Amino acid sequence: MMRVSLTILALGFLCQIHSTFGQEGGSHMHHTHQCFRTCEWPPQPKTCIYNFTVDWFYSMSVACNNCPINSTDCDRKYCIPLNGVPRPVMVVNKMLPGPAIQVCENDTVIVTVTNYLDNSEGTSIHWHGAHQKESPYMDGVAMITQCPIVSHTSFTYTFQASPHGTHWWHSHSGVQRADGVFGPMIFYQAPQADVNSALYDFDLPQHVIAVHDWFDAVTLDRYTEHIYGGGGHVPDSILINGKGRRRGFQNEHGETVYTDREMFSVAHGMRYRFRLFSNAITVCPLKISIDSHKLTMIASDGASLQPYETDTFVVNGGETFDFVLDANQEIGNYWMRVEGLTDCDGVQELALIKYEGAADDDTPPEEKPEPEHHHKEIVVNPWGEDSHATEVPIVELNSAETIDRRIEGSPDVVFYLGMDFNRVNKYFDDPGTSDGSDDHAGHDPGMDHMGATTPASNGHGGHNPGMGHMGATTPASNGHGGHNPGMGHMGATTPASNGHGGHNPGMGHMGATTPASNGHDGHKHYTCFEWSRWT
């Protein structure tokens, strides 16, 4: 068994449910499904069927009638208020975020996705966090594991709900997830299997949280403006479960009213598990905190952690975190704060933590309260900070999962991935005329100096993401060089048995060698993708 260690060098996404129903507060993305249940022990897997329809829609559409002047209109069917700013949105089942998949671990999930996009754009859905063991062709990555689902056709995904934990789903075509094609995906455990089940009293579907950056315009418009028109890339706002407060409306009394923020209900003395994921599309780490409350981190990216108490934590795009909130403060209303960093610096959104019995009009001030005297907040997963007493990288938290003994010990091969941003300028007509130092240059996010460029329209710099010139060799058996397979020029060799070179199977110049058995050349292998269940 080969063990591989991956090191990233930075240079420069529970069925212990007591009284689940009847709880108020939370997003409309959570609807009852026959597979949402208290998970059994021993497990009794079910088959869980969903239907997703992807199409274009509009926020603050005519379906919203007089929202938010009449606040009840914001709850009308098909009304997507967002933060009050009208714009086209791409949605599943006319919901933003889209419908929740909430099943028990090892259930079979079947999702038929139908593409009704008006512009004939293809789509696909990636099940972020599902390992897709024995079903890699269901991973939903367009042009890698499947062709895109073309307009007015359907594709049915079938996969096992594994591993347990907080995950999410999103489009993996273009920038569709940035315009609304995403939603939560929770694989619950039976309480007997959850190592942290004793730490909380409730794990409610209303306490699943989606956070992300948001533009006032369609993402492709902002992207192309940024790349080719010199426009900015800073998001206009942050949404919490598709809600926020940005545009004001004048009512008949001349008062300014706004769309509702998200609200989560808790009861004094109870402990609640919250499940949070980030759908951020820009470089937008989000700092999460709740005024006057500590947070106990118990899971990350689906995997259980040994509990760790903190004041706040940072979530990056694609990451998930589970935390326990102990409702042990005075009965009242408290803000959950989602503060943007880097590209989102200065952008914030709030959600209300409302204790049962708190007055509806008791809204706390939006300004962040001053910390207690001599108290410096603890931050888990900090952005760009070295580890010390109050800045705790995620790697310093300890897993509560059973360790797979096959990966213990020293790795056979260690890969080092160097990532950086470089200033570049690419010209159609004369690529050698600029060193990228002018004001029109873009940035090149690369992995070991390799990437795929986006075309520059008229000499202005584009962005170049990529990966390559990377790898680590294992020694040839008698001192003679082997081949170094990889992605671009990346990879790790297996030893040639007597110093004679083998072949490097791959796609482009990508692959991993198999050892030559007797000094003769090996075989070149290719990948064939399996297509199935098109309708």
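For clarity, every value in this text was computed on a predicted model and none was experimentally measured. Position 1 is the first residue of the sequence; numbering continues from there. Below, all heavy atoms of this structure are taken into account, side chains as well, without hydrogens, waters or symmetry copies.
- Disulfide status for Cys48 with Cys35: present, SG atoms under 2.5 Å apart.
- Note that OH of Tyr334 is 6.0 Å distant from OG of Ser292, once rounded to the nearest 0.5 Å.
- Aromatic rings of Phe187 and His167 (six-membered ring for Trp) have centroids within the 6.0 Å cut-off, being under it.
- Residues Thr158 and Ser135 share a closest heavy-atom pair of O-CB, 4.2 Å.
- Ring to ring, Phe277 and Phe321 are not that close: their centroids are 6.0 angstrom or more apart.
- With ring centers used as reference points, Phe52 lies under 6.0 Å from Trp169.
- Ring-centre distance between Trp127 and Tyr157: below the 6.0 Å cut-off.
- Ring-plane geometry between Tyr355 and His268 is classed as tilted, the angle between the planes lying from 30 to 60 degrees on a 0 to 90 degree scale.
- Cation-pi geometry between Arg246 and Trp214 is not satisfied (NZ or CZ under 6.0 Å from the ring centre, within 45° of the ring normal).
- If you check the side chains of Gln176 and Glu121, you find a donor sitting under 3.5 Å from an acceptor.
- Test Arg37, Gln44, Lys46 against Asp107 for side-chain hydrogen bond (donor to acceptor under 3.5 Å, both in side chains) and you get one pass: Arg37.
- Ring centroids of Phe323 and Phe313 are separated by less than 6.0 Å, placing the two rings close together.
- Between Lys287 and Asp311 there is no salt bridge, since none of the side-chain N atoms of the basic residue sits less than 4.0 Å from a carboxylate O of the acidic one.
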